[in-house]
Every structure is written in structure tokens, then in C-alpha cells.
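So that the names make sense, note that chain A is the first sequence line, chain B the second, and so on, each numbered from 1.
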Amino acid sequence: MAQNKKPKLAVWKFASCDGCQLSLLDCEDELLEVAGAVEIANFMEASGAVVKGPYDLSLVEGSITTPHDAERIHQIRRASRFLVTIGACATAGGIQALRNFSDVKKFTSIVYATPAYIETLSKSTPISEHIPVDFELRGCPISKQQLLEVVSAFLNHRKPNTPAHSVCIECKLRGNVCVMVANGTPCLGPVTHAGCGALCPTYDRGCYGCFGPMESPNTKSLSEGWSRLGAKEGDLVRAFRSFNAYADPFRKESEAHEK
Amino acid sequence: MTDRLHDQEYILDRDHLQDLLDTLRNSGRRVIGPVLRDGAIVYDDLASVKNLPIGRTDIQERGLYRVMHREDQALFGYNVGPHSWKKFLSPPRTRLWQGDRSSGMVQISNEPPETQKMAFIGVRSCELHAIAIQDRVFIQSEFTSPPYQARREQTFIVAVNCGQAGGTCFCMSMKTGPQATRGFDLALTEVIENGRHYFVVEVGTEAGMTVFEQLPHTVAGEAQKSAAESAVAAATAQMHRQMDTSDIKDLLYRNYRNPRWDDVASRCLACANCTMVCPTCFCSTVEDTTNLKGDHAERWQRWDSCFTMDLSYIHGGSVRASTRSRYRQWMTHKLATWIDQFGTSGCVGCGRCISWCPVGIDITEEVRAIRKSEESFLPPTEGHHGDT
Ligand code: SF4
Ligand code: SF4
């Protein structure tokens, strides 16, 4: 890239709630700095103007749920030098992947007056099932600090600091008291990927697993721990089947507790 | 045996403990001690004796901790909680340096040395040993950590002898307590009897004497000394958890391939809680950050753990990819290789890793299981190679 030409950044949306790309607008203080460092070439939430590709960095939000999107993601990949998926939808299929555990035709026939108009895939899948992805940023929603970290790492040609260990480490770094040990509150923290800064345990709640499975999740042992605290099979199915329901370790664990 | 300035013991009345805190604060120290927060007794700034967990105790079991009321108004009637003093001596996150770039020049500035003096109130005997172990790692080994050393040298330690044993601790097995014998400036034993509430005080250092002289006190009589002794004896008598440490180094070296490691790995979450709460675990990583423009960079040190994949990451992957190898690494380092490396065990028997493990894995039980299963397990003759 030429010396004083700013890298082009594009933000793309698939099946999602927009929450993750809004994190970028949420970076109030740093937004001007971002705008100074990159040329925002495609970002529908911020401006209608679209600059033609290729793009140096594409941020992709959302999962693949329609035949059209399954095509479109290939075009975006071809037009992008680096492609980073952001959020639970893009990295794991999102909450809409709950359809993967059921028959999508049943839903469409209940929800839509003319189900024949609905063209949808039977599963909601992460972007990485369709194209090679350079980096995955977890979270539902992603953390804006981590997003800035990824953009900053990209611009400075270094590895982002987004550790894949448990949420427990984030609790301990903050000096939090473990809600599971000191209060008997079931918590997904020990099997969940760090990144939120241990938000829920800091406010005395168990972790909901928004950032998906950590690097080596032992979901079976944690489920046994939950059972000792009184959780029922149904509680375990619901706990593992939320924003990251279709992430492999969570999917298997929820299925193991389903009769 | 005891590292004391002299043999004299003194009496400090319960109502004069506040004077001790005030004297320490007035000499420019940040006073830190046990306080009740979020259902646990943690270490934090201690403004007043009133903020101590008065009349509280704790119940601890494998994977369980609860704060309860006591029948008396004891100020130190509990055992160690989720925090340890390493939180202050080698904090979870520390900036090491920052760098700025302007017109082609890079300027590096190191962090200024720590100047805040600290006073720790209520340090238990096992914790004194843990601090001594970290001193060996950070000060007395080949490489020193100047920030640790600066913080450590400015720390005043008020120890408290345990009057009861915790549900998970085993200091007797590790020969680290319950009586504080070294590494303190002042050591207190709390006594409540016949309507009197006082502390029997031992002075460990000149600095301790300088502070103590300023407080209203008397010399302890035989009756008071023996009341203090029986308080500590009560803790000794109560302690039920044990670890047989005989031959432990060779035991663990011999059992590198014991199938028990698979058993513990099936339960272990690799969550790292045990290492975070352990007062001797010292592993950290460094993280480099930059701003978007790339003209400002910082290097931070933060706690890490042998339970993360990143800690053993070398080019191409993690050396200890399985939980089995990571648990084995942790326990074998703690109880065996530590001895070769630093001359002592890395475990002081505080019991934190047992209480704060979300699934209640108990290091004493794991040692017992290795010992028991050794007979049925034939160690290979070729020695240790790689991770399986
Ligand atoms: S290994 Fe466990 S018992 Fe031993 S010092 Fe560490 S936390 Fe305490
Ligand atoms: S032993 Fe317990 S606290 Fe330690 S990593 Fe395993 S599950 Fe976590």
C-alpha cells in the first residue's frame, strides 16, 4: 500500500442484530482516531457512501442463513485482503442457530403468512464454514476495546491481545469473588472464552457464555458441577444453547442433556 | 526457633488496635487488611478496625466457601480467603514501560519505581512462608524483579496467628504454620477470655519495635502467654487435612505416566483458578499494546497460568496441549521441581486451590491417589519424554 494512503476498512452485515458493528460507533472517544487511521469505505450504519473494493480490512458481522448470503460472502472474501469476523453470529451462527436444532420449515409456516416467499437455509452457520477467515473476534456483543485492539493490531502489523483462556482469569485479575464457590451460583465462566472482562460475575451473576467456548472447554465436568449445585438437565440445555449454541463444544454439551 | 528481636512478649488491648493502624498510616503507609466484600473475606484498604470482619468466620470445603457469624466478637476469627498478598506485591497488571515515536525518533520511558509504602495487617503464617517463597523467586534468584523488590522492601508486616484451622488448609504437613515464626515485623495472637479481649504481641524487627513503642502496651505475663499458646494449639488440634510429603519429589518424578493424571484431567476445567488464588504461583505474560496511529506503545505484565495454552506456546503450537499435561505440570512444579529450582516446596498448605476450584479438585487427595495407585502402575524405564 502506498506510503500515505490510508488502509480501506469495510464493514459487512449478514444475519445479525447490528449490535457488533454498532460497537464501532460506540467507540465515541476513539472514533475520530479510527477515522483518521483508516478510510471507512463501506459502513452502512455510519454512512451510505460505498467506496469500491478491494478492501484492506473487512469486518464481517452476522451468520449465513440464506442462499444469497452464501454467495455474497465469497464476493466479499475476494474483495478483502484481511477478513475478520466479529460477534457470536459470525463466529458461531448466533442465537438464530437455535433453528439448527429444529426444523426451520415449521417456524416459517407458523410465522409467515406466505411461507413460500421465504427462501432460507435449514441452518444458520458461522462465516468460517463458508470461506477462510483471518481472525475471529468473539462476543455477543463484541467488546469495543477488543475491536479497537484488533484494528490497532492490524494497522501496526502485530498480533491482537485477545486471550482464549477462561473468564475465570478475568475475574481473578479484577479481584472478584467467585460466584460459584462463594454463593453457589452456576456460572459458565470456567468454559467460556475471555473478552468481556468478567462482566456478569462482577455484578454477582453467573456467566452466560456470550464469548463462546474457551480454548479447552471441559463442559462435561462443569455440567457435573452445575448438577451438584442443583441445576436440572433442562437448565443445562438452556445454558449451553444460547448465543453460541452452535459452537461445537456447547452444541455437544446441550445435546448430551436433551432427552 | 522463632525469629524475634527479643524474648519479651507484650499485651496490646483490643481497643488499641486502631492506634496501630493509625500509627502505620501516619508514617505514610497504605494500610491493607481483611475486609468483608461480596460474600468473602478479601484483602483491601483498611481504614478502621470497624471494617475488619468482626465476629465472622468462614466455612471452607472443596469448591465451597461461606462466611458465617461467630459467637464472639473476634477480629481475626477466620482463615485465608480468595485473595493473597501477591495482589499487592506483584499486582495482576503492571505497566513495564511505554514508548513514543515522533519524527523518526523512539523514546522509551520505564515505569517510575514504586514509592508507596504498605502495611499488611493479619498476615497468616502460611502467607509469611508464601511471601518468603516469592522473595526467593523475585529477589534472591539469578534474575531479580526491581518493581517487586521495591514494593517488598517498603512493606511492613503485621502477622496474626491462627486460632482455628480452616476447612481446607494443611500447614502442619507443609511445616508452614499455624504459628508465625519468621518474616514479620509484629505478630499478634488474639485472645478472648474472661471478658477480656487483647493481643499478645511479638516483635520481629527494629521497624516493628519503632512502631510498637508508640502504642499503649504492657508486658505479657505467664498467664497471658499461655492463653496465646493454647489459642494456636487449638488450631493445630483442629487441622484434619494432611499431605504426606515424604519422598514427594521422587514420587512425582516416578509417576509421570500414572493414569491418575487422566482421571484428574477428566474433572479439571483448566480454568486456572487454582493458580490465580495460590499465594506462590508467580507466572505472568507480557502484552504489547499500541495506539491506532502507531506512535505510542506500552508493555504490560499480567498474571498468567500454566493452565492456559498460551503459557507453553512456542512456534507452531502449545507444548502442553492436553489438560492432563497442564495439571501434571502445575502439581509437579508446585510439589517437586520447585524443590530443585528454589530449594523449598512451592506449596505452603493454605488450601486456597482446594476451596476455590469450582469443581473441588483437592491437591492433597491427588497426591494420595498417586501414592496409592503407584503400586498397581509400572513406571516406564525410559524416563520422561514429551506430552501425551
Ligand atoms: S498449591 Fe494450593 S494449598 Fe499450596 S500454597 Fe498454592 S493454593 Fe495454597
Ligand atoms: S484444578 Fe480446579 S481450579 Fe485448577 S484449573 Fe483445574 S478446575 Fe480450575
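Heavy-atom pairs under 4.5 Å with chain A peak, among B/Thr323, B/Thr289, B/Asp310, B/Val277, at B/Thr289. Contacts with chain A were tallied for B/Gly39, B/Pro91, B/Gly294; B/Gly294 has the most, counting heavy-atom pairs under 4.5 Å. Among B/Phe307, B/Trp303, B/Trp356, the residue making the largest number of heavy-atom pairs under 4.5 Å with chain A is B/Trp356. Contact count versus chain A (heavy atoms, under 4.5 Å) is highest, among B/Pro358, B/Pro82, B/Gly81, for B/Pro358. Between chain B and the options A/Val179, A/Asn183, A/Thr192, A/Leu148, the largest number of non-hydrogen pairs under 4.5 Å is found for A/Asn183. Annotation: maximal heavy-atom pairing with chain A below 4.5 Å, among B/Ala40, B/Ala270, B/Gly63, occurs at B/Gly63. Counting heavy-atom pairs closer than 4.5 Å to chain B, the top residue among A/Ala182, A/Cys187, A/Gly175 is A/Ala182.
If you measure heavy-atom distances from A/Leu222 to chain B, the contacts under 4.5 Å come from both the backbone and the side chain. Within the 4.5 angstrom heavy-atom criterion, only side-chain atoms of B/Arg326, from C-beta onward, approach chain A. For chain A, no part of B/Ala297 is nearby; none of its heavy atoms comes within less than 4.5 Å. Proximity to chain A is limited to the backbone of B/Ser266, based on heavy atoms less than 4.5 angstrom apart. Residue contact with chain A, scored on non-hydrogen atoms closer than 4.5 Å, is absent for B/Tyr43. Neither the backbone nor the side chain of B/Asp44 comes within contact range of chain A, judged by heavy atoms closer than 4.5 Å. Proximity to chain B is absent for every atom of A/Val38, based on heavy atoms less than 4.5 angstrom apart.
Side-chain contact between B/Arg302 and A/Pro163 is present, with at least one heavy-atom pair separated by less than 4.5 Å. The shortest side-chain heavy-atom distance between B/Val42 and A/Val177 falls under the 4.5 Å cut-off.
A distance of 10.5 Å separates NE2 in B/His296 from OG in A/Ser152, rounded to the nearest 0.5 Å. Here the CG-CZ distance, from B/Leu64 to A/Arg228, works out to 11.5 Å after rounding to the nearest 0.5 Å. For the atom pair CE (A/Met214) and CG (B/Leu269), the distance works out to 8.0 Å, reported to the nearest 0.5 Å. Rounded to the nearest 0.5 angstrom, B/Thr285 OG1 and A/Asn161 CG are separated by 8.5 Å. Distance check, rounded to the nearest 0.5 Å: CD of B/Glu287 to OG1 of A/Thr162 gives 9.5 Å. Note that NZ of B/Lys293 and CG of A/Asn156 are 12.0 Å apart. Values are rounded to the nearest 0.5 Å.
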Problem - Candidate pair A/Trp226 and B/Val359, rule side chain to side chain contact (heavy atoms under 4.5 Å, CB included), full reasoning - result: CA-CA 9 Å; A/Trp226 275 46; B/Val359 290; over 6 Å; no
Exercise for the section: Output, in order, the C-alpha distance, side-chain angles, deciding distance and verdict of side chain to side chain contact (heavy atoms under 4.5 Å, CB included) for A/Val151 and B/Leu292. Expected result: CA-CA 7 Å; A/Val151 174; B/Leu292 289 160; 3.8 Å; yes
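The number of heavy atoms from other shown groups lying within 6.0 Å of CZ (B/Arg101) does not exceed 12. More than 12 heavy atoms of other residues, nucleotides or ligands sit less than 6.0 Å from atom NZ of A/Lys144.
Considering every non-hydrogen atom in both A/Glu215 and B/Thr308, the closest pair reads OE2-CA, 3.3 Å. Taking every heavy atom of both residues into account, B/Thr290 and A/Arg158 meet most closely at OG1-NE, 2.8 Å.
Proximity of a side-chain donor or acceptor of A/Ser221 to a complementary backbone N or O of B/Cys268 within less than 3.5 Å is not detected.
Contacts between residues 165-174 of chain A and chain B, defined by a heavy-atom separation under 4.5 Å, are made by A/His165, A/Ser166, A/Cys168, A/Ile169, A/Lys172, A/Leu173.
In this structure, B/Tyr78 has no ring pair (Phe, Tyr, Trp, His ring centres under 6.0 Å) partners at least two apart in sequence or on a different chain.
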